[in-house]
Every structure is written in structure tokens, then in C-alpha cells.
Participant: 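Quick one: this structure, given as C-alpha cells, is what I'll be asking you about.
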Amino acid sequence: MTTALQSRPAFDVRKVREDFPILKSLVHGKPLVYLDNAATTQKPSSVIRAIGKYYEAQNANIHRGVHFLSELGTRLYETARVKVQRFLGAADPKEIVFTRGTTESINLVASSFVRPGLQAGDEVLITHLEHHSNIVPWQMLRDEKGLVLQVAPIDDRGELVLEEFEKRISPRTKLVSVAHVSNALGSVLPVRKIVEIAHRRGVPVLLDGAQAVAHQKVDVRALDCDFYAFSGHKIYGPTGIGVLYGKAALLEKMPPYQGGGDMILSVTFERTKYNHLPYKFEAGTPHIEGVIGLGEALDYVSSAVGLDAVAAHEHDVLTYGTRVLSGIPGLRLIGTAREKAGVLSFALEGVHPHDIGTILDQEGIAIRTGHHCAQPVMDRFGVPATARASLALYNTKEEMDALAAGLKKVAEVFRS
Ligand SMILES: Cc1ncc(COP(=O)(O)O)c(C=O)c1O
């Protein structure tokens with residue numbers, strides 16, 4: 001690790017910004033300050049080029065062709081799978097299933113892992129800070145099959161209360177499914193401990209890594225999680241592509257998620273033999289350019305820039321941003337966990353978050369306002385919505401100053 005870091009040039013945010021063409025944009029005549037990265041990240045030129053090149057010179061359907069382009073496309077697609085495997089530290093490429101994103105990955109686990117054999121009264125344990133995509137699939141199983149959804153509480157800082165979490169594991173718990181990093185608060189959950197506790201009780205664990213993978217190194221074998229889900233677009237890759245990592249022993253036993261082409265070995269009207277892993281879970285023509293773009297994005301963060309350097313840089317910007325925002329009268333930070341990644345959620349006394357977002361937009365500053373698809377978290381903190389600035393590797397302390405200056409303007413407008 002040290003060698004790889006030493007051989008890479010030091011992290012230079014000015015240079016990194018050059019890799020993202022959109023960051024040169026003007027919005028309402030002002031330089032774009034893009035702070036909506038938890039919703040989606042911007043794309044580096046290498047990803048944009050790889051997708052263009054695919055359509056200009058490499059396009060064909062994969063897996064079934066014997067001609068040059070089909071074989072080339074297949075090779076690019078499967079090479080990207082190996083890149084994901086290495087990125088996550090998985091044991092084998094067959095443990096990497098391509099999906100449409102985190103949402104589909106969680107739904108796949110709900111359908112193919114939890115649903116079969118589920119008895120009324122069986123439980124899934126989540127936390128109070130989950131994204132709707134890690135709540136609603138379980139509620140659908142509740143309505144269909146009588147699954148019981150258990151929810152572990154968070155404290156006023158937005159940290160998981162670990163003892164309460166442990167108390168909610170029962171002999172009926174079929175799965176623990178928790179966010180690695182909260183999209184609404186930025187809290188980093190103690191996922192290694194969560195896995196340890198759950199495994200001690202014989203319960204498998206799904207980690208929702210949508211907000212984690214772009215901000216810190218993830219090693220699924222070191223975490224020992226059973227499933228790990230993430231989305232390409234939140235780590236500088238294309239939309240519509242995501243990943244489900246699953247331990248091979250579990251994936252082998254799970255029925256397919258969808259039926260169709262590519263997920264079969266043979267079909268007669270009497271009987272269908274399903275394909276091997278991971279193809280059993282990839283029915284139909286996949287998002288080929290999405291997979292290629294994702295592979296390129298992972299190369300970008302792990303090789304061209306380096307996730308350790310990203311984590312250190314973002315930590316600096318987040319600490320600085322927390323300090324400058326805390327100095328604004330009437331501003332309340334929502335989510336003050338001791339370990340946080342990438343997110344500054346806040347409320348400004350007397351101002352609706354949507355008004356904050358609209359006024360900041362006039363300054364060229366893009367933040368998100370609303371419930372962030374995590375309404376139970378909003379309820380927990382007694383607010384209908386927050387304003388959220390979320391970071392990526394290209395953000396700077398100067399942008400935090402611009403945000404603070406914009407917020408002071410907002411306060412002046414509403415208090416004059
Ligand atoms: C923590 C978390 N989980 C899941 C999702 C869903 O991701 P996607 O919409 O890419 O499927 C998001 C998206 O914001 C998220 O932040």
C-alpha cells in the first residue's frame with residue numbers, strides 16, 4: 001500500500017478538477033460549486049471518453065457472439081467485473097453481480113435471499129438512518145409475507161446505538177441490512193462491529209455502500225459482510241449501473257432474480273437449466289457501456305487518484321466546512337457523528353430548506369434540499385427536510401467559504 005501511494009503524485013485538487021469538464025461551467029453567470037455529490041457525482045474525462053469509444057468503435061452485444069466486436073465487448077465487460085472484484089477485495093469475479101444500482105441490488109437480496117422460505121414473523125433488522133431503498137423492499141415483504149421489520153435506533157448525533165442494535169437481533173432475524181454511510185447525516189456506521197455481532201448470532205449482513213465506496217477503501221473480505229451493494233453513479237461512473245457483491249456460497253443457493261436470456265444454460269418448454277454465477281443473476285442484455293464506464297471510474301479513483309488520498313482530502317474539507325458553517329448564526333447541523341464522510345446536513349432558523357437551495361442556486365451553488373429519501377431520519381430530528389451539501393474528491397475549502405458566504409446572504413434575505 002505504501003509503495004502504491006509513494007509512486008502516485010501527491011493529491012492536488014487543482015489538477016484533479018481539470019479531469020472533470022463540467023466543473024468549468026458557469027451557472028447563472030457564476031462558477032459552478034457542485035455540492036450535490038451524494039445524489040450523483042460528476043464524471044471524469046476518462047469515463048466520458050471510454051463510453052464514447054465504446055459506441056464509436058466497440059459496440060456489439062456480448063456473450064453470445066463469435067465475431068470480433070462481440071468478443072471485444074465481452075472482454076471489456078468481463079474485465080470491468082474483475083476491476084470491481086479487486087476494488088472490493090472480493091475473492092472471485094463470480095461474486096460480482098451487475099445491477100441497475102444499489103436499489104436493485106437490495107431488491108435482489110430481498111427477492112432471492114430473504115423471500116424464499118420466509119415465514120410470517122421472520123425478521124429483518126435495519127437502522128433508523130436508512131435510505132428508503134433499504135426500507136421499502138422489506139415493507140413489501142412485510143405486506144406480502146408477514147415479515148417483521150426491526151429498527152435499531154440512532155442517538156442525537158446520528159450514531160447507531162450499538163447495544164440497542166444487538167438487542168434487536170432475535171432467533172427470527174433472517175438478515176441485518178444497514179447503510180455503511182448515511183446519505184442524510186454522513187454518519188459512518190461501525191460496520192465491522194455490526195458484522196461481528198450479527199455473525200456471532202448466525203445472522204448474515206447486507207451493507208448498503210452507496211455513500212461509502214467513493215469516500216474510503218472498502219474490503220468486503222476484511223469486513224466479512226455477506227452482501228455489499230453500491231451504485232456506479234455515486235463513484236464517478238455512469239447512472240443505471242450498480243453492483244451486488246455476495247459471498248459465492250450464498251449466491252449459489254439463491255434462485256435467479258429475473259428470468260430471460262443470458263441467465264440460462266439451456267431451455268426447453270419442460271425445463272430450464274440456470275447459468276453459473278454471476279450470470280444467473282444477469283438476465284437480458286446488460287448495461288454494457290455502463291459496466292465499461294464503471295470499470296474506468298474505479299480505475300480513476302483507485303489508480304489515478306487513490307482512495308486514501310481522497311479520504312484524507314475530503315476529511316480536511318469536511319472538517320473545514322463544519323467549522324465555517326458552525327459559525328453561521330441560526331444554523332443547526334443535523335448529523336454530528338464522531339465519524340462522518342462527505343455530508344453536511346443543516347437547517348437554518350426561520351428559512352425553509354427549499355428557499356436555501358433556490359437562493360444558493362442563484363450563486364451557482366448546487367446543494368440538495370428535501371428529505372433525501374430518508375424520511376424516518378428527518379422525523380427522528382424533528383425536521384421535514386434539511387439542506388445538504390455533499391462532497392466529492394474535487395471539492396475545495398474555497399467552495400466551503402463560498403457556501404458559507406451564500407448562506408449568510410440567505411440569512412440576510414430572510415431577516416431583513
Ligand atoms: C445510502 C443510500 N442507499 C441507497 C441509495 C440508492 O441508490 P440508487 O438510487 O443509485 O439505487 C442511495 C442514493 O442516494 C443512498 O444514498
Participant: If the test is side-chain hydrogen bond (donor to acceptor under 3.5 Å, both in side chains), which one of T239, T102, T103 qualifies with S231?
Facilitator: T102

Participant: Could you check whether any side-chain heavy atom of D401 comes within less than 4.5 Å of a side-chain heavy atom of V324, counting everything from C-beta outward?
Facilitator: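 Yes, close enough: below the 4.5 Å cut-off.
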
Participant: Is any side-chain heavy atom of R17 closer than 4.5 Å to one of K24?
Facilitator: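 No, side chains not in contact.
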
Participant: Using the rule given for side chain to side chain contact (heavy atoms under 4.5 Å, CB included), can you reason through R49 versus E296, listing the C-alpha separation, both sets of side-chain angles and the distance that settles it, and then say yes or no?
Facilitator: CA-CA 9 Å; R49 270 198 311 268; E296 202 63 40; over 6 Å; no

Participant: Between the side chains of K15 and E18, is the shortest nitrogen-to-carboxylate-oxygen separation below 4.0 Å, so that they form an ion pair?
Facilitator: no

Participant: Does a side-chain heavy-atom distance below 4.5 Å link H313 with V13?
Facilitator: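 Touching, per the 4.5 Å side-chain cut-off.
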
Participant: If you round to the nearest 0.5 Å, how far is CG of N59 from OH of Y54?
Facilitator: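 Going from the OH atom of Y54 to the CG atom of N59 covers 4.0 Å.
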
Participant: Output all residues satisfying side chain to side chain donor-acceptor pair (under 3.5 Å) with N395, sequence neighbours left out; order by chain, then residue number.
Facilitator: N37, E399

Participant: If you define the side chain from C-beta out and look only at heavy atoms, does anything of P21 sit under 4.5 Å from S45?
Facilitator: yes

Participant: So which atom in A347 and which in I334 form the shortest heavy-atom distance, rounded to 0.1 Å?
Facilitator: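 Result for this residue pair: CB-CD1, 4.1 Å.
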
Participant: Does a sphere of radius 6.0 Å around NE2 in H315 hold more than 12 heavy atoms from other residues, nucleotides or ligands, not counting ones at 6.0 Å or beyond?
Facilitator: no

Participant: V109 versus L175: any side-chain heavy-atom pair under 4.5 Å?
Facilitator: yes

Participant: Under 6.0 Å between ring centres, would you say that holds for F281 and Y257?
Facilitator: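 F281 vs Y257: aromatic centres not under 6.0 Å.
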
Participant: Between M254 and L251, is the side chain to side chain contact (heavy atoms under 4.5 Å, CB included) condition met? List the steps.
Facilitator: CA-CA 5 Å; M254 289 158 53; L251 292 176; 4.1 Å; yes

Participant: Among V151, L189, N134, which residue meets the side chain to side chain contact (heavy atoms under 4.5 Å, CB included) test with T127?
Facilitator: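 Considering V151, L189, N134, a side chain to side chain contact (heavy atoms under 4.5 Å, CB included) with T127 is found only for L189.
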
Participant: Do K397's NZ or CZ and the ring of Y320 fall within the cation-pi criteria of under 6.0 Å and 45°?
Facilitator: yes

Participant: Taking side chain as C-beta onward, heavy atoms only, is L265 less than 4.5 Å from Y279?
Facilitator: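 L265 vs Y279: side chains apart.
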
Participant: Report, as yes or no, whether the 6.0 Å neighbourhood of atom CZ on R64 holds more than 12 heavy atoms from other residues, nucleotides or ligands.
Facilitator: yes

Participant: As a quick check of understanding, evaluate salt bridge (charged side-chain N to carboxylate O under 4.0 Å, His left out) for E144 and R115, giving each step before the final call.
Facilitator: CA-CA 10 Å; E144 185 197 339; R115 190 176 185 281; 2.2 Å; yes

Participant: Side-chain contact, heavy-atom cut-off 4.5 Å: R201 with T173?
Facilitator: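 Side-chain contact under 4.5 Å: no.
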
Participant: Are more than 12 heavy atoms, taken from residues, nucleotides or ligands other than M378, located less than 6.0 Å from that residue's CE atom?
Facilitator: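 It does: M378 CE has more than 12 such atoms within range.
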
Participant: Hey, does the side chain of K234 reach the backbone of A214 with a donor-acceptor pair shorter than 3.5 angstrom?
Facilitator: no

Participant: Under 6.0 Å from the CD1 atom of I22, do we count more than 12 heavy atoms belonging to anything else shown?
Facilitator: no

Participant: For H372 and T386, which I'm curious about, is there any donor-acceptor pair between the side chains at under 3.5 Å?
Facilitator: yes

Participant: Is it the case that more than 12 heavy atoms not belonging to K145 sit under 6.0 Å from its NZ atom?
Facilitator: yes

Participant: What do the steps show when you test V178 against D208 for side chain to side chain contact (heavy atoms under 4.5 Å, CB included), and what is the final call?
Facilitator: CA-CA 6 Å; V178 299; D208 167 357; over 6 Å; no

Participant: With sequence neighbours left out, which residue pairs that include part of residues 112-134 fulfil the ring-ring contact (aromatic ring centres under 6.0 Å, His included) condition?
Facilitator: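 Qualifying pairs, neighbours excluded: F113-F227, H132-H371.
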
Participant: Could you go through E289 and Y55, starting from their C-alpha distance and side-chain angles, then the distance that decides it, and tell me whether this counts as side chain to side chain donor-acceptor pair (under 3.5 Å)?
Facilitator: CA-CA 8 Å; E289 82 277 15; Y55 280 121; 2.8 Å; yes

Participant: Would you name the heavy atoms of A229 and S105 that are closest together and state the gap between them?
Facilitator: CB-CB, 3.6 Å

Participant: For residues E159 and S187, determine if any side-chain heavy atom of one lies less than 4.5 Å from a side-chain heavy atom of the other.
Facilitator: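 Of all side-chain heavy-atom pairs linking S187 with E159, none is under 4.5 Å.
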
Participant: Run the salt-bridge test on E164 and K167 with the 4.0 Å N-O cut-off and return the result as yes or no.
Facilitator: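 Yes, charged N to carboxylate O under 4.0 Å.
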
Participant: Measure across A184 and V343 and return the closest heavy-atom pair with its distance rounded to 0.1 Å.
Facilitator: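 Taking A184 first and V343 second, the nearest heavy atoms are O-CG1, 3.9 Å.
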
Participant: Are R380 and D156 ion-paired here, with the side-chain N under 4.0 Å from a carboxylate O?
Facilitator: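 Yes, this pair counts.
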
Participant: Ion pair present between E166 and R200, side-chain N to carboxylate O less than 4.0 angstrom?
Facilitator: yes

Participant: Would you say the side-chain atoms of T285 and N61 include a donor-acceptor pair closer than 3.5 Å?
Facilitator: yes

Participant: Between L207, T99, L294, L244, which is the residue that forms a side chain to side chain contact (heavy atoms under 4.5 Å, CB included) with F230?
Facilitator: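 Result for side chain to side chain contact (heavy atoms under 4.5 Å, CB included) with F230: L294.
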
Participant: If you apply the rule salt bridge (charged side-chain N to carboxylate O under 4.0 Å, His left out), what do you find for D224 with K247, and how did you get there?
Facilitator: CA-CA 9 Å; D224 197 26; K247 284 182 178 166; 2.9 Å; yes

Participant: Is N275 reaching over with its side chain to a backbone N or O of D262, donor-acceptor style, under 3.5 angstrom?
Facilitator: yes

Participant: Tell me if the aromatic rings of F20 and Y34 count as close, with their centers under 6.0 Å from one another.
Facilitator: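 Between Y34 and F20, which both carry aromatic rings, the centre distance is not below 6.0 Å.
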
Participant: Take E398 and R14 through the salt bridge (charged side-chain N to carboxylate O under 4.0 Å, His left out) test and state the conclusion after the steps.
Facilitator: CA-CA 12 Å; E398 290 75 19; R14 305 278 147 224; 3.1 Å; yes

Participant: What is the distance from atom CG of L69 to atom CD of Q58, rounded to the nearest 0.5 Å?
Facilitator: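 These two atoms lie 8.5 Å from each other.
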
Participant: What's the shortest heavy-atom distance between I235 and V213, and which atoms?
Facilitator: CD1-O, 3.5 Å

Participant: Under 3.5 Å, is there a donor-acceptor pair linking the side chains of T74 and H63?
Facilitator: no

Participant: For T41, is there any backbone N or O sitting under 3.5 Å from a side-chain donor or acceptor partner on K43?
Facilitator: yes

Participant: Kindly check if the number of other-residue, nucleotide or ligand heavy atoms within 6.0 Å of CZ (R368) is above 12?
Facilitator: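 No, CZ of R368 has 12 or fewer neighbouring heavy atoms, counting only those of other groups under 6.0 Å.
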
Participant: On a heavy-atom basis, which atom in A179 and which in L129 lie closest, and how many Å separate them?
Facilitator: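 Heavy-atom minimum between the residues: CB-CD1, 4.1 Å.
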
Participant: Pair K174, E123 - check salt bridge (charged side-chain N to carboxylate O under 4.0 Å, His left out), show working.
Facilitator: CA-CA 6 Å; K174 294 292 161 215; E123 298 171 5; over 6 Å; no

Participant: So which atom in L391 and which in H215 form the shortest heavy-atom distance, rounded to 0.1 Å?
Facilitator: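 Answer, listing the atom of L391 first, then H215: O-CE1, 3.2 Å.
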
Participant: When you look at H276 and K280, which way does the side chain to side chain contact (heavy atoms under 4.5 Å, CB included) test go after all the steps?
Facilitator: CA-CA 6 Å; H276 306 293; K280 181 172 82 173; over 6 Å; no

Participant: Taking atom OH of Y274 and atom CD1 of I264, what is their separation to the nearest 0.5 Å?
Facilitator: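 The OH atom of Y274 sits 11.0 Å away from the CD1 atom of I264.
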
